[in-house]
Amino acid sequence: MSHSPEAKYRLNYSAPNFKIHTTELNFHLDDHHTEVLNRMDIECLTEGASLELDGENLQLVALAINGRVLSEDEYSQTDKQLIIPNVPERFELVVETLIDPAGNTSLEGLYKSAGTFCTQCEAEGFRKITYYLDRPDVLSVFTTTVNATKAEHPYLLANGNPTAEHQSGERHAVTWHDPHPKPAYLFALVAGDFDLLEDSFTTQENREVLLQVFVDKGNLPRAKHAMASLINAMKWDETRFNLTYDLDIYMIVAVDFFNMGAMENKGLNIFNSKYVLADSSTATDQDFLNVESVIGHEYFHNWTGNRITCRDWFQLSLKEGLTVFRDQEFSADLGMRAVNRIQDARIIRTHQFEEDAGPMAHPIRPDRVVEMNNFYTVTVYNKGAEVIRMLHTLLGESKFQQGMALYVQRHDGEAVTCEDFVKAMEDASGLDLVQFRNWYSQAGTPRVTVTETYNAENQTYLLTLTQSTPATPGQQVKHPFHIPLRVEFVSNSGEPMALHLLGADKPTTILELREQQQVFEFHNVNEKPVTGLLADFSAPIRLEFTRPETEYLAIIAGGNDPFLRWDAVQQLYFGALHTAVADNSAVALTPALIAVLQKALADENSDPAMNALLLQVPSEEALSQEYDIIPVEAICRAVSELRLALAKSLQSELMQAWQQVDLGSNALNSSTIAKRMLGNTALSFLALLPEDASIQRALKAQFKAANNMTLQFGALQAAVHANHPIASELLTDFAGQWQGETLVMDKWLAAQATAPISGTVSKIQKLTEHSAFNWGNPNRIYSLLASFTHNLGQLHHSSGAGYEFMIAAIKRLNASNPQVASRLLSPLLKWRRLPENQQAMLKSQLVSLSKLPNLAPDLYEKVNQTLTDN
Ligand code: TRP
Ligand code: ZN
């Protein structure tokens, strides 16, 4: 009988009973029989406590205290722990275990990926390597010796600096020492053969750091952008945050088999190869930007995560929210701030709001966890970053940086909590952040509704804001949040207006909503203003502010804030879509909206990237967030009608925008990227008009354009999503050209999986047998299957085929890679929000999943939560 995994609670935290001063690891690497020798200097902090070490799937070979081998009655073992009841005050413990890296398909712990040994220890993977206190508040100084055959593994890497090398026959060994105490989740080792790109960086303290990027043989030219991004990140962190790197060497290794994006192991980052490798013939502009952002993210963890780490895993957002905020600012400072901000807001609205509305809703600092791997979420990461951004908004850059400095000064070398971070911000700024802490403790998306009163006689303008947050599972009562709303005012003629709150001496730019309902009073207002609320998406909330089209047009014409101008257009799209869904009528675009888009496209001074974003209509998934019960078919019909209507009404402008793209250029600066963004967006609309021969020529011309993946893939995706007559020809050509290039073929899989066209399920089913797909590789699974889970119309097709296919896939992955299986399950948890027919079919699939023997804790937690919720 298997028993249900147990939950852990944040409030049950207790400090560790032992300190591990040093950890000396010795790895004798072998595919199926790797010996791990682990020698620890341990101090008991609580008299009489027994030593309970974590360990999973380990074969214990030997155990000794102070050189004396323990007999079997001196310790006990469960499938998760090794318990030694009577230990001295200070002692040396030696544990020897055997593990099977080549048989490890979970990609957690030590595993062998395409000939390379590598590790992934966050969150609780170190316990699959050796018995240990595998918790982030146990910090130890690690010394690691890696021993392997020389021919297959010329490079032997671990955290810190290399201190010794050793040869003997066919094997060799390298010893590494990391002087910075760290928790086990930051441990890493790599052994394999690579091409190596080297450079160096001189810190502001004038220390030279060796930089190394290790990639598969033959991929050296594709590593340049990663190296350049690393150097940019190191420089940026010194300039903007005054944070400097602290070891003599910084290594990045790219591997093909990896569950997530990348991992910030001290001095030895391990990356999914898709966030390292990039050249313009195989990577899109977005891929280049993603590499920059993930390289930055992992580098920034060196301070926010590694030097200052988490006390327990409930505090994950302490490092992740803050580090996402830092990587967002890095990308914004180096590139297109407004575009990035809009894309980040779109992620929150589409994916984080969905999580908040579902059975797994949790605060950015969760209170209850069954499987920690389930909490690497868009809430902890992206909403966590929004919470840091709100602090930044309330404090301003200078006070925020003072808060950061105080945080580092107080807690360097410690494992701390979100509370410690907020306290540092509070103490440095003098602001009262008591109520602000609700963002850490409460789940759910706050709704803010707005009413306005303008009194022409008194020249007063009253803005009444009301907030409420719907209950989430386990959290019925919600207290008001402290919400910063950035504002700007525009006159009806489209001029900026400076408004003063009653009693204020400066024009108002931020309203701080704290009460459940609050009235903001403005005086000497000579006409009713058009109020732009939530500028820069200043809080992760839903704003409910119904207003006439003319007011949106005023913001588009006279607003300053790019997010507000973009959002005004989005609101007009939403309005048209809602009406079509509610009335079961055709989508109608107003002449004013068309005119706005025509004007933007014709304006030579407008930013093409912003125009691309203005044209991007809400996705089916984004629209579904607006409904308690999701009218799947009506939403899909409306979105596709809206796209077709735009294509028809803007055809000549779109063609002109497309013609601005230089099909022969690979330049990678913001202005050429922006033009390609607009060109691809334009083409995606034009492809909806299949009878036009010039459009067909455009698709083909762009597809064949010089060595540029942004353009080639843009054309492919436009044709495939539009179900254009030449789609299958382009798919065949693309596969012929790129077979064997796995990261490129991932795009080919994803384009087909996301097509909003019927028959997609059976197409995907067939693609699982294509040589480009591989059930053992997470990138392939994400490209084909995870992409498909965001294809609203096809996943929730009324036949139920999408559910059957996905649940079968999840069952198949349950044993081999539960972490990946669990990521595929999330979009299926919203069965209660579906129409009756889909609801019944999906529920029965979920019930059958819940009965799978040996269901992994990752899946158990989610399926159990969704079936028992409410
Ligand atoms: N800390 C990593 C990051 O945000 C996340 C991560 C990488 C991870 N691999 C993982 C988390 C495996 C859980 C399991 O950069
Ligand atoms: Zn991170």
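Just follow the structure's listing: the first ligand is 1, and inside any ligand the first atom is 1.
Residues passing the ring-ring contact (aromatic ring centres under 6.0 Å, His included) test with F241 are W236, sequence neighbours excluded. The side chain to side chain contact (heavy atoms under 4.5 Å, CB included) check on N272 picks up F258, K274, Y275, N779, with sequence neighbours excluded.
More than 12 heavy atoms of other residues, nucleotides or ligands shown are found within 6.0 angstrom of NZ on K811.
Proximity to H297 (heavy-atom distance under 4.0 Å) selects the following atoms of ligand 1: 3 (C), 4 (O), 15 (O). Remark: ligand 1 atoms within the under-4.0 Å shell around heavy atoms of Q120 are 9 (N), 10 (C), 12 (C). Applying the 4.0 Å criterion to heavy atoms of E264 picks out, from ligand 1, the atoms 1 (N), 2 (C), 3 (C), 15 (O). Near M263, with a cut-off below 4.0 Å to any heavy atom, the atoms of ligand 1 are 1 (N), 2 (C), 7 (C).
Paired with Y185 under the rule ring pair (Phe, Tyr, Trp, His ring centres under 6.0 Å), one option of F142, W313, Y132, F126 passes, and it is W313.
Within the 4.0 Å heavy-atom cutoff, E108 does not count among the residues contacting ligand 1. Put simply, part of K319 is less than 4.0 Å from ligand 1, judged by heavy atoms. Within the 4.0 Å heavy-atom cutoff, A262 counts among the residues contacting ligand 1.
A salt bridge is defined here as a Lys NZ or Arg NE, NH1 or NH2 lying under 4.0 Å from an Asp or Glu carboxylate O, and E329 with R389 meets this definition. Comment: E124 does not engage K80 in a salt bridge, judged by the lack of any side-chain N to carboxylate O separation of less than 4.0 angstrom.
For atom 5 (C) of ligand 1, the nearest non-hydrogen atom of the protein is Y381 OH, 3.2 Å. Nearest to atom 15 (O) of ligand 1 among the protein's heavy atoms is E298 OE2, 2.6 Å.
For the pair Q819 and ligand 1, the shortest N or O to N or O distance does not fall below 3.5 Å. The distance criterion of under 3.5 Å between nitrogen or oxygen atoms is not met by N373 with respect to ligand 1.
Under the 6.0 Å distance and 45° angle rule, R311 counts as a cation-pi partner of Y13.
Side chain of H301 to backbone of T304: a donor-acceptor contact under 3.5 angstrom is found.
Residue side and main chain included, E320 places an N/O/S atom under 2.8 Å of the Zn ion (ligand 2).
Of the N and O atoms on the side chains of N259 and Q819, at least one donor lies less than 3.5 Å from an acceptor on the other residue.
At a heavy-atom cutoff of 4.0 Å, ligand 1 is contacted by both the backbone and the side chain of E122.
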